[in-house]
Amino acid sequence: MRILVTGGAGFIGSHLVQALVQAGEHVRVLDALHPAIHRGRPLPTDGVDLVVGDVRDADTVDAALDGVDAVCHLAAMVGQGVDLGDLPAYTSHNDLGTAVVLAAMASRGVRRLVLASSMVVYGEGAYRCAADGPVRPAPRHDLDLRAGRYEPPCPSCGQPLEPTLVGEDARLEPRSVYAATKVAQEHLAAAWAVGTGAQAIALRYHNVYGPRMPRDTPYAGVASIFRSALERGAAPEVFEDGRQLRDFVHVHDVARANVLALAPGAATPGRLRAFNIGSGQPHTIGEMAGALARAHGGPQPVVTGLYRAGDVRHVTASSALARDALGYQPTVDFDEGVAAFAHAPLRG
């Protein structure tokens, strides 16, 4: 099978390309090699065609699809961004780019898609109130965050909530520009699948970490920001009180999930199927910062009490559906993965 990986020179994409080559697939990469992420051309990989170009350019995408059987679409602007001034760029790269790819796939008759989505589509994760059962809290107020009241209360009775695992059937409620573009990508892919009878899978990655994360950029994930600080000899700065729960999943597991999603029978013709891809081991952001600092031998984290608009308090995954439908099972333990990541090379 010949597979096009958009964004295949990036952090997750490069690991996916390696996994596909090891699985015996023929791989073509389409990547813009944006200078904000790539300081130079990626190292060549035997058997991989590299097309340098933008997914928003229809002619480039059409040419890259020649002879292709399936697409893993990872090309996107990622992360929380800086401010709302990023809105046009996120929408252009993520949503227009996805629309161009899907239109070209429809024209070329390519009928298999694996889309890189994200846990950010949920907004806050799942919660349970002792009195009211499962609930979805409202967005947190700036006044509460400024006062150090970080936990969202029950929207019905105002009592404290217990965070639980979020499943794929949860309502999508994006609370940042990036999150809104990921929801739009899923909706575009769903419409494409219905219109063409094609097979589409959206993998909702949770907090991915591992070697080759980009360093020193506001668009990087929190693990990379902590790791970059340690590399500079600085203490990782932890926002809020550090008790925000996340599911940190290693990039090797995410790459393998993509390979599994390409297997025959993984998708259903004419519809989009979504799967959480996590580790099944929730940890706080403070725990990630502390584990990295200990493994790196650098300064211990500093809890700042700072916060960002659009950040959510807790979001952790149930990957049971991916296990049952795809055979996905995470293999990299948190302690093992973080210890290796503490000294792994970063990009840039």
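Since the model is a prediction, treat every value here as computed from it, not as a measurement.
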Assess, by modelled atom type and distance only, whether the side chains of [X] and [Y] contain a donor and an acceptor separated by less than 3.5 Å.
X	Y	answer
Y122	N276	yes
Q281	D333	yes
T316	R246	no
Y205	N258	yes

Are [X] and [Y] close enough that some pair of their side-chain heavy atoms sits under 4.5 Å apart?
X	Y	result
H250	P211	yes
F11	P214	yes
D324	F275	no
S279	F334	no
C72	L16	yes
V29	V51	no
Y178	M77	no
V55	L30	yes

Return the minimal non-hydrogen interatomic distance between [X] and [Y], and the atom names on each side.
X	Y	value
C129	C157	SG-SG, 3.6 Å
M105	L65	N-CD1, 3.6 Å
V135	C154	CG1-SG, 4.3 Å
V61	D54	CG2-O, 4.1 Å
A261	V114	CB-CG2, 3.9 Å
L33	A9	CD2-CB, 3.7 Å

Treating [X] as the side-chain partner and [Y] as the backbone partner, does any N or O pair qualify as donor plus acceptor under 3.5 Å?
X	Y	answer
T6	A75	yes
D253	V332	yes
E124	R313	yes
R112	A267	no
T284	E287	yes
Y150	G242	no
R273	A266	yes
R271	V194	no
H93	A89	yes
Q244	F239	yes

D95 vs K182, test: salt bridge (Lys or Arg N to Asp or Glu O under 4.0 Å). Steps then yes/no. CA-CA 8 Å; D95 299 338; K182 300 309 284 185; over 6 Å; no
Once side chain to side chain contact (heavy atoms under 4.5 Å, CB included) is applied, do any residues pair with E231, and if so which ones, sequence neighbours excluded?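 E231 satisfies side chain to side chain contact (heavy atoms under 4.5 Å, CB included) with R215, R227, L346 only.
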Has R108 got more than 12 heavy atoms of other residues, nucleotides or ligands less than 6.0 Å from its CZ? yes
Heavy atoms of other groups near H343 NE2, more than 12 under 6.0 Å: yes
Going hydrophobic residue to hydrophobic residue with side-chain gaps under 4.5 angstrom, can you get from [X] over to [Y]?
X	Y	answer
V183	Y90	yes
M1	V68	no
F341	L230	yes
I3	L50	yes

Looking at the rings of H206 and F248, which for Trp means the six-membered one, are their centres under 6.0 Å apart? no
Under 4.0 Å between a Lys/Arg side-chain N and an Asp/Glu carboxylate O for R175 and E173? yes
Scan residues 192-208 for pairs that pass salt bridge (Lys or Arg N to Asp or Glu O under 4.0 Å), counting only residues two or more places apart or in two chains.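 For residues 192-208, and leaving out neighbouring residues, the salt bridge (Lys or Arg N to Asp or Glu O under 4.0 Å) pairs sorted by first residue read E186-R204.
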